[in-house]
Structures are given as structure tokens and as C-alpha cells.
Amino acid sequence: MLAKGSAISQDAVNKAKAFDEKHRLTANASAKVISFDQRVKLSEKFTVGISAVNEKVKSVDQRLHVSDRTMAAIFAAERKINNTGSAVKSSR
């Protein structure tokens, strides 16, 4: 039954691919997205925005030492878990 369902779904995928190739839906959509991006420069704006956010995050992290404190908290939690585990193993 599963093999039959797989064959039917593969047939549906093949038909969808053939339909797409015949009507060039994916190619046309891709071309329109590329054209829009070139006109509006959307990906460039995203890249600049992401860079600005990354710089801000780095600045805040350097000022507040967030990543250092987070790592220290994680290490402390790991130590506590290991100590608890050791205590449980050694207790009767």
C-alpha cells in the first residue's frame, strides 16, 4: 500500500514538474523577483541592515559582557548538574 502511494505521489510530482516546465512558472517568478530586487535593491538593504544590527549587538555585548556572563552561567549549571549526578550515584 505504501509503495503504491509513493508511486502515485511520484507521478504527481512528475506531472507538476512537467506543468512548471511547460508554463515556465518557476522561471518567470524567479525573473520577476530578481527584477524587483534590482529595482528596489532589497537584498542590499537587508545586508546593510543586518550588518548594522550585528554591530549593535557586538557593541552591547562588549559593554555589558552578555556572552561572558551567559557562558559563566552555563558552566556553573553544568558543574551543578555534574555534582548532583555524582551525589546521586554515590548515595545509596
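Keep in mind that what you see is a predicted model, and the values were worked out from it rather than measured. We're numbering straight along the sequence, starting at 1.
The closest donor-acceptor contact from the side chain of Lys22 to the backbone of Lys17 lies at 3.5 Å or more, if one exists at all. Between the side chain of Asn28 and the backbone N or O of Arg24 there is at least one donor-acceptor pair closer than 3.5 Å.
Residue pairs that meet the side chain to side chain donor-acceptor pair (under 3.5 Å) test with at least one member in residues 51-65, sequence neighbours left out, are Asp61-Ser67.
At a cut-off of 3.5 Å, with distance as the only test, a side-chain donor of Gln10 or Asn14 sits close to an acceptor on the other residue.
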Without placing hydrogens or testing angles, list every side-chain donor-acceptor pair under 3.5 Å for residues 29-38, not counting sequence neighbours.
from  : atom 1 : to    : atom 2 : distance (Å)
Ser30 : OG     : Thr26 : O      : 3.0
Asp37 : OD1    : Leu42 : N      : 3.2
Asp37 : OD1    : Ser43 : N      : 2.8
Asp37 : OD1    : Ser43 : OG     : 3.1
Asp37 : OD2    : Ser43 : OG     : 2.9

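Judged as a side chain to side chain contact (heavy atoms under 4.5 Å, CB included), and not counting sequence neighbours, Ile81 has no contacts.
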